[in-house]
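A note on names: the letters A, B, ... follow the listed sequences, proteins ahead of strands, and every chain is numbered from 1.
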Amino acid sequence: MAYNGDEPSLSSMTIPFLSGLNPEQREAVTLPRQSALILAGAGSGKTRVLTMRIAYLIQTGQASPHGILAVTFTNKAAKEMLVRLSALLPINTRGMWVGTFHGLCNRMLRAHHRDAGLPALFQILDNQDQLAAVKRVLKSLNIDDEKYPPRQVQQFINRNKEQGLRAEKVEAYDPHTQRLVECFAAYDVQCGREGVVDFAELLLRSYELLCAHPELRKHYQQRFQYLLVDEFQDTNRLQYQWLKLLAGESSAIFAVGDDDQSIYAFRGAHTGNMAELERDFSVEKVIKLERNYRSHGNILNAANALISYNQQRKGKNLWTDDSAGEPIRVFAAPTDHAEAEFIVEEATALAREGTGLSGMAVLYRSNAQSRVLEHALFRAGLPYRVYGGLRFFERQEIKHALAYLRLLANPDDDGSLLRIINFPARGIGARTLEQLQDLAASQGLSLWRAARLGALGGKAGSGIKAFVQLIETLGDGSRDLALPEIVEQVLEHSGLLAHYRQDKQEEDRLENLNELVNAAAVYAEEYDGGADAELAASLAETSGWGGPVLAAFLTHASLEAGEHQADGSQEALQLMTVHAAKGLEFHAVFISGLEEGLFPHENSMMEADGLEEERRLMYVAITRARRRLYLSYAQSRMLHGQMRYGVASRFLRELPENLLKQVGGWDDYAAALPPQIAPTRGQAPGHTTRGQAFRVQPSSHASDHPFSIGQNVLHAKFGNGVIVNCEGHGSDARVQVNFRDAGIKWLALEYAKLLPA
DNA sequence: ACTACGAGACTTTTT
DNA sequence: GTCTCGTAGT
């Protein structure tokens, strides 16, 4: 829908694509060179603004593609941006620095690996690899992994790195923490020795590289005059410091985010970065994108009312030109199975009416909930797809194959060697391994170098010799081969194929291994050596086999774990956690398991910001829906092998009652509901009009005052708030307002001076 | 070197 | 309830 407001500015006359933007979007896109914070609500055209901003800067000659850095959190978002950008501009996107934080840091480290103190072909550890590495450290330090669970040590390391802290900088006053710091330090030493880098290290190393090399820093600062950040509310401290360092004096940061959709505090996201950005970069104007192009009015009003219960907010309210649409359907089920059956029935009915199955999503708070849903869907024969779980490059057989390849690229990678030295089994047992490890430790060599000495005698020695022979043959054989052939060779000669062929039940794994060859072929096809010129140049100094293509492919495998499930083409109902649904939208959405303790999750109550983060999560869930929204909960549910009896989630009570409609035929449900959401008589909701944000007319009792649920209001004493409930007529009319600062209050309209805001 | 059994967890997760 | 992981036994 084109904006038909004021006279088109000069820029929109010369740049045709700007005409499709609303005034706020256009203001953001055409901002002069200054740092800015764009608060972009759900469905407000965030990605569009981001890509158009880049296109605008290039089109108007303010920047060259070379001078732009745009950073996202996921590969998907980065790809999306590049695709949209190349649709807007006929430019070669290859030279542009558009990617994930980790991808860009990797790129920088590859180019300056020497200054960063890394080998040219450093390997990247994913979570699994890192955990394995931590376990080895604990073993080498003789640390009891009962008292120091590897997972906790891993988290300790990552948390600190994400704060920008090295082991020596961590403050440790108690013996337990001191021990953890020791592990941290030893882990980093081990990684350095083996030439491997974990995810957090990519960022920290890149940050330190820029800190320690002023010329380099200046180079990048001068190059990147425009830095654009997506999902800014999800950045952690280190990421923000990295951006700050890269921005320098003259560059402008364009940060897009939504504090109401911050759902990753648990993994280190620091919302405070928004305030810090405003201060550090003297942001003059915060632009809010509040017009929503996705959802019907009722859905938006529900989301607005819910999120108004949060105290920690920048304050932002979505509105739409669209009609109110249908009421939100609420279903109370006696059991989790009944809940699942209800969802199956409704989805089937919707599908019969013509809604594509893939346009519907069932969302839940925790993965464990998918089981019951899957069971019901399977019985009904309704195709479905579950997101989450193992990704392609995380599968056991793929990791084994990659470990062989990694050992070829970087023979000092002990982790990879250990993974495959006896897989498939080739008679190298624990005993032999111990000898080898002792030898390596005493000589200060990597396991591979120790193995190659041929110093071990007897049966152990011959086993090792055979392995060394195998790897050397694979390595030498790889010299003249293209990437997919190298992979094929490795699969065949390592015995991996033979191993999985033995087992009838392992057929999937064989298929995956073949898929790996395909993936390598596709990658080799798209590979552009130019982007890795620095890497190619530095190859001569390495002892590894395989060319830059292999190294790049391995990086790709670590940085981009691949699809969750192989067959994404089929029409199927989408099942996923609320977290996984962020950024997606569906015609119809089912939010299931709305019970106290589940959603909001009980474990979240321990944390300071816990409940508010859960509420933001619910906000994200609601705003995924375009046209239809179902909310359901079960009064009893099997959890941890025990029957649990649940109470309806407080989030249901926080939604304006007149937007909801009870559905389903369970006789007793009304009695079971909290009084606030008793079944509504008559049809709900009015409409939402442009300009007057989410204006809803409660239809059951026509109001004689200008206020309605969901509306923003201003009170002389209590400040800003949102109406969450209305009742009475004339002089009896009262409204319940959730004030941002003053909490929830009932106000009699006759006395309270309430202004629409 | 492989299988079997028991103990313990079990919120959300991208890179 | 069910999955993973580690150890003990064959």
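Annotation: C/dC5 and B/dT12 have their C1' atoms spaced 23 Å apart (nearest Å).
With distances taken from any side-chain atom of A/Ala425 to the nucleotides B/dT12, B/dC2, B/dT15, the minimum falls on B/dC2. In the set B/dT15, B/dC10, B/dA1, the nucleotide with an atom closest to the side chain of A/Leu559 is B/dT15.
Within 4.0 Å (heavy atoms only), A/Asn127 reaches at least one base atom of the nucleic acid. Looking at heavy-atom distances under 4.0 Å, A/Lys135 makes contact with sugar-phosphate atoms alone, never a base. Contact annotation for A/Arg391: backbone-only contact, meaning every heavy-atom pair under 4.0 Å involves sugar-phosphate atoms and none involves a base. Using a 4.0 Å heavy-atom cutoff across all strands shown, A/Tyr264 reaches sugar-phosphate atoms only and no base atom. Using a 4.0 Å heavy-atom cutoff across all strands shown, A/Asn367 reaches sugar-phosphate atoms only and no base atom. A/Phe73 comes within 4.0 angstrom of the backbone, heavy atoms only, and of no base.
In this structure, the aromatic ring of A/His601 is positioned over the six-membered ring of the base of B/dT11, centres within 5.5 Å and planes within 30°. We find that the ring of A/Phe266 and the base of B/dT12 stack, their centres lying under 5.5 angstrom apart and their planes tilted less than 30°.
Atom pair A/Gln130:CD and B/dT13:C1' shows a separation of 14 Å (rounding to whole Å applied). A/Leu639 places its CG atom 8 Å from the C1' atom of B/dC10, with the value rounded to the nearest Å. Rounded to an integer number of Å, the gap from CD of A/Gln152 to C1' of B/dG8 is 14 Å. Straight-line distance from the CD atom of A/Gln155 to the P atom of B/dT15: 18 Å, rounded to whole Å. When the P atom of B/dT13 is taken as reference, atom CG of A/Asn75 falls 17 Å away, rounded to whole Å. We find that CZ of A/Arg365 is positioned 13 Å from C1' of B/dC10, with the value rounded to whole Å. If you take CE of A/Met576 and C1' of B/dT13, they are 15 Å apart, rounded to a whole angstrom. Counting to the nearest Å, the P atom of B/dT13 and the CG atom of A/Leu363 are 12 Å from each other.
With sequence neighbours excluded, the residues forming a side chain to side chain contact (heavy atoms under 4.5 Å, CB included) with A/Thr235 are A/Phe73, A/Phe101, A/Val229, A/Phe232, A/Gln239, A/Asn273, listed by chain and number.
Shown here is A/Met643, whose CE atom has more than 12 heavy atoms of other residues, nucleotides or ligands within 6.0 Å.
A salt bridge links A/Lys582 to A/Asp234: at least one charged side-chain nitrogen sits closer than 4.0 Å to a carboxylate oxygen.
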Please list every donor-acceptor pair under 3.5 Å in which a side-chain atom of residues 201-210 of chain A meets a protein atom from a residue at least two apart or in another chain.
{"from": "A/Glu201", "atom 1": "OE1", "to": "A/Lys161", "atom 2": "NZ", "distance (Å)": "2.6"}
{"from": "A/Glu201", "atom 1": "OE1", "to": "A/Arg166", "atom 2": "NH1", "distance (Å)": "3.0"}
{"from": "A/Glu201", "atom 1": "OE2", "to": "A/Arg166", "atom 2": "NH1", "distance (Å)": "3.3"}
{"from": "A/Glu201", "atom 1": "OE2", "to": "A/Arg166", "atom 2": "NH2", "distance (Å)": "2.8"}
{"from": "A/Glu201", "atom 1": "OE2", "to": "A/Arg205", "atom 2": "NE", "distance (Å)": "2.8"}
{"from": "A/Glu201", "atom 1": "OE2", "to": "A/Arg205", "atom 2": "NH2", "distance (Å)": "3.4"}
{"from": "A/Arg205", "atom 1": "NH1", "to": "A/Ala116", "atom 2": "O", "distance (Å)": "2.7"}
{"from": "A/Ser206", "atom 1": "OG", "to": "A/Trp242", "atom 2": "NE1", "distance (Å)": "2.8"}
{"from": "A/Glu208", "atom 1": "OE1", "to": "A/Arg166", "atom 2": "NE", "distance (Å)": "3.4"}
{"from": "A/Glu208", "atom 1": "OE1", "to": "A/Arg166", "atom 2": "NH2", "distance (Å)": "2.9"}
{"from": "A/Glu208", "atom 1": "OE2", "to": "A/Arg166", "atom 2": "NE", "distance (Å)": "2.8"}

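Of the possible polar contacts, none joining the A/Arg637 side chain to the A/His337 backbone as a donor-acceptor pair under 3.5 Å is found.
When all heavy atoms of A/His601 and A/Glu614 are compared, the pair lying nearest together is N-OE1, 2.8 Å.
Of the N and O atoms on the side chains of A/Tyr404 and A/Arg406, not one donor lies less than 3.5 Å from an acceptor on the other residue.
Note that the first and last nucleotides of DNA chain C, 5' to 3', having any atom under 4.0 angstrom from a heavy atom of chain A are C/dG1 to C/dG6.
Side-chain N/O atoms of A/Asp126 and base N/O atoms of B/dT15 include no donor-acceptor pair closer than 3.5 Å.
Between A/Phe266 and A/Tyr264, the two ring planes are tilted [angle within 30° to 60°].
Both A/Glu560 and A/Glu613 lie close to DNA chain B; mapped to their nearest nucleotides by heavy-atom distance, the more 5′-ward contact belongs to A/Glu613.
Here A/Thr577 reaches the OP1 or OP2 of B/dT13: one of its side-chain N or O atoms lies under 4.0 Å away.
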